[in-house]
K.L.:
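Below are the structure tokens for one structure; questions will follow.
Naming convention: chains lettered A, B, ... in sequence-line order (proteins, then strands); numbering from 1 in each chain. All values below come from the heavy atoms of this structure, side chains included, with hydrogens, waters and symmetry mates left out.
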Amino acid sequence: MSPLPRDFFARSAHDVAPELIGVTLLVDGVGGPIVEVEAYDQDDPASHAFRGPTPRNAPMFGPPGHAYVYRSYGIHWCLNVVCEEPGRAEAVLIRALRPESGLERMRARRGLERERDLCSGPGKLCQALAVTNEHDGLPLDAPPFELLARTGTPEVAAGTRIGLSVAADRVWRYGLAGSPFLSRPL
DNA sequence: CAGTGGATGCTCT
DNA sequence: GAGCATCCACTGT
């Protein structure tokens, strides 16, 4: 597998999101192919970028191809990849992946055995891959990150996003059709 | 299964 | 001071 092209993220999050399904994400060698993502753009009331730049969302207004990591509900971390429609702040939330590499490290970090539950949600995924605010703003084409292009063309399904109190009806969630590693079916 | 509620900390109003 | 881009344990069918 080869690294993603450098300009992969220099596009709208709506174009990038479905193409991330099947891309392998590794952090310090731990991870696997992405099976679920959600897109967020600047005109989106559910997006952290909606109300303009703040200290927290600064990476979203920075160059594409970098990580945006935020704390969720005071407990979990969530990982986004920053995209760039020219002049806009956009990102794709990585919600789930199929555990493939570093299974034992994932199990130890999660305190779980079941493979299906290791990375089936944004908070779980960050715990399994040990992603924290220390990764906020880091480039995705340099260690500890590794993104490997997919080899085939997976069947991508779309659905509504999860856990939102506004703009919950937008069909901006993408996943590998039928995968048992999704946070929820599509 | 489905539904409910608590944990917990930070950001922005 | 309110409100989270969540997860888990617990309840009740």
Side-chain angles (χ1 to χ4, degrees), chain A residues 9 12-18 20-21 23 25 27 31 34-62 64 66-85 88-99 106-138 140 156-176 178-186:
Chain A
F9 296 106
S12 163
H14 300 292
D15 295 332
V16 171
L20 275 174
I21 303 304
V23 169
L25 165 66
V27 180
I34 294 166
V35 299
E36 183 182 335
V37 300
E38 282 176 359
Y40 290 86
D41 73 33
Q42 202 170 348
D43 301 318
D44 174 6
S47 171
H48 292 173
F50 182 64
R51 295 170 200 283
T54 66
R56 176 178 69 157
N57 66 22
M60 281 191 77
F61 288 84
H66 289 239
Y68 166 45
V69 180
Y70 69 92
R71 202 194 264 289
S72 175
Y73 291 89
I75 302 172
H76 309 285
W77 298 104
C78 289
L79 170 66
N80 292 253
V81 300
V82 175
C83 301
E84 184 177 56
E85 179 77 355
R88 315 296 295 169
E90 307 194 343
V92 177
L93 172 68
I94 310 299
R95 289 192 54 89
L97 60 74
R98 173 166 65 82
M106 293 190 201
R107 288 199 174 98
R109 290 163 176 168
R110 295 271 299 125
L112 285 178
E113 287 297 315
R114 271 173 60 97
E115 216 165 296
R116 285 176 62 127
D117 298 331
L118 291 178
C119 297
S120 57
K124 301 176 186 179
L125 185 153
C126 283
Q127 188 181 21
L129 272 58
V131 172
T132 68
N133 61 332
E134 292 182 10
H135 299 89
D136 190 31
L138 294 185
L140 297 167
V156 177
T160 52
R161 297 183 295 184
I162 291 179
L164 305 181
S165 57
V166 295
D169 56 334
R170 304 192 184 188
V171 186
W172 289 354
R173 174 172 169 248
Y174 302 93
L176 178 63
S179 170
F181 300 100
L182 299 171
S183 66
R184 294 182 50 181
L186 282 150

K.L.:
Could you pull out all residues at least two apart from A:E90 that satisfy salt bridge (charged side-chain N to carboxylate O under 4.0 Å, His left out)?
P.N.:
none
K.L.:
Rounded to the nearest angstrom, tell me the gap between atom CZ in A:R170 and atom C1' in C:dA5.
P.N.:
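The distance from CZ of A:R170 to C1' of C:dA5 comes to 13 Å, rounded to the nearest Å.
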K.L.:
Do you know the tightest heavy-atom contact between A:P122 and A:L93?
P.N.:
CB-CD1, 4.2 Å
K.L.:
With sequence neighbours excluded, what pairs up with A:R161 under the salt bridge (charged side-chain N to carboxylate O under 4.0 Å, His left out) test?
P.N.:
A:D44
K.L.:
A:P64 and A:E84: which non-hydrogen atoms are nearest, and at how many Å?
P.N.:
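Nearest heavy atoms, A:P64 then A:E84: CD-OE1, 3.5 Å.
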K.L.:
Would you kindly say whether A:S47 and A:Q42 are connected by a side-chain donor-acceptor distance under 3.5 Å?
P.N.:
no
K.L.:
Please encode protein proximity along nucleotides 8-13 of chain C as a string of B, S and -, counting only heavy-atom distances under 4.0 Å.
P.N.:
S-----
K.L.:
Check the distance between B:dG3's C1' and A:R184's CZ and give it to me in whole angstrom.
P.N.:
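The answer, rounded to whole Å, is 12 Å.
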K.L.:
Please lay out, stage by stage, how A:Y40 and A:H48 fare under the test ring pair (Phe, Tyr, Trp, His ring centres under 6.0 Å).
P.N.:
CA-CA 8 Å; A:Y40 290 86; A:H48 292 173; 7.5 Å; no
K.L.:
Where do A:S120 and A:A96 come nearest, in terms of heavy atoms and distance?
P.N.:
CA-CB, 4.1 Å
K.L.:
One character per nucleotide, please: for nucleotides 6-12 of chain B, 5' to 3', B when the base has a protein heavy atom closer than 4.0 Å, S when only the sugar-phosphate does, - otherwise.
P.N.:
-BBB-SS
K.L.:
Quick one: A:Y70 OH to C:dG3 P, roughly how many Å, whole number?
P.N.:
18 Å
K.L.:
Under a 3.5 Å cut-off on both pairing distances, which runs of 3 or more consecutive Watson-Crick or G-U pairs involve DNA chain B?
P.N.:
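As far as DNA chain B goes, consecutive pairing (with distances under 3.5 Å) yields the stems B:1-7 with C:6-12, B:9-12 with C:1-4.
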K.L.:
Please give, in whole Å, the distance from C:dG3 P to A:L164 CG?
P.N.:
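About 16 Å, once rounded to whole Å.
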K.L.:
Please indicate yes or no: is the ring centre of A:Y40 less than 5.5 Å from the centre of the six-membered base ring of C:dA5, with the two planes inclined by under 30 degrees?
P.N.:
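Yes, aromatic ring over the base.
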K.L.:
With heavy atoms under 4.0 Å as the rule, sort A:S165 into base, sugar-phosphate or nothing.
P.N.:
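Sugar-phosphate only.
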K.L.:
Using a cut-off of 4.0 Å on non-hydrogen atoms, how would the nucleic acid contact of A:R95 be classed: base, sugar-phosphate, or nothing?
P.N.:
sugar-phosphate
K.L.:
Whole angstrom is fine here: how far is it from CG in A:L79 over to P in C:dT6?
P.N.:
14 Å
K.L.:
Is it the case that the side chains of A:R110 and A:Q127 hold a donor-acceptor pair, with the cut-off being a distance below 3.5 Å and no angle test?
P.N.:
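Yes - a donor-acceptor pair under 3.5 Å links their side chains.
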K.L.:
With sequence neighbours excluded, tell me which residues meet salt bridge (charged side-chain N to carboxylate O under 4.0 Å, His left out) with A:E134.
P.N.:
none
K.L.:
Quick one: which of A:I162, A:L125, A:L97 gives a side-chain contact (heavy atoms from CB on, under 4.5 Å) with A:E36?
P.N.:
A:I162
K.L.:
Looking only at heavy atoms, which two atoms of A:P99 and A:L118 are closest? And how far apart?
P.N.:
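Taking every non-hydrogen atom into account, CG-CB, 4.0 Å.
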